[in-house]
Amino acid sequence: MADAQVLHPRAVRRHAAGPTDLVARLRGRTITAACRRGKYLWLVTECADAVLAHLGMSGQLLVSEPSVPAHKHLRARLVFADGGPELRFVDQRTFGGLSVEPLVGGQDPLPAPIRHIARDPMDPAFDLEAAVTSLRARRTELKRALLDQTLVSGIGNIYADEALWRARLHGARQTATLQHRAARAVLCAAGEVMAEALAQGGTSFDALYVNVNGNSGYFDRSLKAYGQADWPCARCGTPIRREPFMNRSSYSCPRCQPRPRNRKPNPLP
DNA sequence: ATTATGTCCTGCCAGC
DNA sequence: TGCTGGCAGGACATAA
């Protein structure tokens with residue numbers, strides 16, 4: 001790598017030693033591998049560390065010829081000594097970022113800050129039965145658990161709603177009272193949704209969601225629940241409902257995914 | 001210990 | 001026309 005540039009300090013806020021240190025650590029390095037777990041990506045260098053990236057919700061990693069004009073929201077770039085394309089980190093809302101992290105662990109090294117991130121359903125070593133057990137051991141609502149990256153990673157608001165729709169479960173169901181087969185169904189559904197979305201190039205609502213070549217995916221056209229408020233359910237025709245969820249929205253079919261009864265725990269005396 | 005909530009950020013769009 | 005407020009949302013710090 002010939003050079004690294006940071007154009008917005010917030011994009012490297014996770015790098016504790018600061019932008020200057022990050023650049024100094026990267027200059028002259030060679031990238032030897034590209035890895036991913038859940039929503040984290042990292043590029044391994046020959047020095048047993050890695051450039052760790054998270055796209056947040058508006059981040060993009062773009063492979064661009066140096067002659068391509070800089071994007072308005074270009075936050076950082078990696079320039080390579082071979083004269084080939086650059087790697088550009090573009091992020092409108094700056095929830096994402098880059099940092100350089102040591103790789104830790106023997107068999108399957110991970111950047112240190114993401115050791116707590118669970119394997120995702122696309123991972124060949126993903127253990128479905130272990131995830132089912134972990135899910136049912138939680139004491140929370142199902143959708144909250146699906147979004148917990150320490151339990152299963154890679155699931156965000158969109159794929160959580162799609163997985164719940166496929167499994168015909170409401171996100172407010174308690175994890176602790178889920179039958180084993182229901183828990184397995186929703187986790188399998190999550191893996192299937194992610195695989196299908198990947199095959200279609202991802203879920204792109206607008207120009208923010210693109211691959212390294214700047215192209216959008218088409219999975220948004222296959223969404224059955226997320227963003228489909230008032231449209232008929234693809235299974236039963238009932239209008240999809242939108243409900244508030246953690247200052248956001250959840251979408252579900254009122255008929256296929258009935259809201260659970262409010263089973264209050266024992267009322268206090 | 002586990003679980004829940006507030007916070008960060010910018011651009012877009014509906015409504016007035 | 002131009003402003004305001006709501007919305008989008010991943011992960012972490014902090015609180016309970």
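Convention: sequence-line order gives letters A, B, ...; per-chain numbering from 1.
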Hey, is the side chain of A:Ser58 poking within less than 4.0 Å of OP1 or OP2 on B:dT10, counting only N and O atoms? no
In whole angstrom, what separates A:His71's NE2 from B:dT10's P? 15 Å
For the student: nearest non-hydrogen atoms of A:Ala189 and A:Arg166, plus distance: CB-CB, 3.8 Å
I want to verify a distance call: between B:dG11, C:dA11, B:dA4, whose nearest atom is closest to the A:Arg144 side chain? B:dA4
Please determine whether a side-chain nitrogen or oxygen atom of A:Gln149 lies at a distance below 4.0 Å from atom OP1 or OP2 of C:dA11. yes
Whole angstroms only, please: what is the CG-P distance between A:Asn157 and C:dA11? 12 Å
Determine the contact category for A:His116: base if any of its heavy atoms lies under 4.0 Å from a base atom, sugar-phosphate if only primed atoms, P, OP1 or OP2 are that close, otherwise nothing. sugar-phosphate
Just how far, in rounded Å, is C1' of B:dC8 from CD of A:Gln92? 14 Å
How close or far is atom P of C:dG10 from atom CD1 of A:Ile155, stated in whole angstroms? 11 Å
Whole-Å distance separating the CZ atom of A:Arg139 from the P atom of B:dT3: 8 Å
I'd like to know if A:Glu243 pairs up with A:Lys143 as an ion pair, taking the criterion as any Lys NZ or Arg NE/NH1/NH2 lying under 4.0 Å from an Asp or Glu carboxylate oxygen. no
Note: A:Asp21-A:Arg25 ion pair, threshold 4.0 Å (strictly below): yes
Which part of the nucleic acid does A:Arg13 contact within heavy-atom distance under 4.0 Å: base, sugar-phosphate only, or nothing? nothing
Nucleotide nearest A:Thr140 (side chain, heavy atoms from C-beta), chosen from B:dT5, B:dC8, B:dA4: B:dA4
Does a side-chain N-to-carboxylate-O contact under 4.0 Å join A:Asp108 and A:Arg119? yes
At under 4.0 Å between heavy atoms, what does A:Tyr40 touch on the DNA or RNA strands: base, sugar-phosphate, or nothing? sugar-phosphate
Verify the contact: side-chain N or O of A:Arg242 to OP1 or OP2 of C:dA8, cut-off strictly under 4.0 Å; return yes or no. yes
One thing to verify: whether A:Asp91 and A:Arg10 come together as a salt bridge, which I'm taking to mean a side-chain N less than 4.0 angstrom from a carboxylate O. no
Gap between atoms CG and P, on A:Leu147 and C:dA11 respectively (whole Å): 9 Å
Please report the distance, rounded to the nearest Å, between CG in A:Asp120 and P in C:dA11. 12 Å
Would you say C:dC7 has OP1 or OP2 under 4.0 Å from some side-chain N or O of A:Ser249? no
Whole angstrom is fine here: how far is it from CD in A:Gln60 over to P in B:dG11? 13 Å
Distance check: side-chain N/O of A:His73 vs OP1/OP2 of B:dG11, anything under 4.0 Å? yes
On the nucleotide B:dT10, are OP1 or OP2 found under 4.0 Å from the side-chain N or O atoms that A:Lys72 carries? no
The test is side-chain contact (heavy atoms from CB on, under 4.5 Å); show your working for A:Leu62 and A:His71 and say whether it passes. CA-CA 10 Å; A:Leu62 300 172; A:His71 190 282; 5.5 Å; no
Ignoring hydrogens and geometry beyond distance, is the side chain of A:Arg93 in donor-acceptor contact with the base of C:dG10 at under 3.5 Å? no
5' precedence on DNA chain B between A:Asn247 and A:Arg138 (nearest-nucleotide basis): A:Arg138
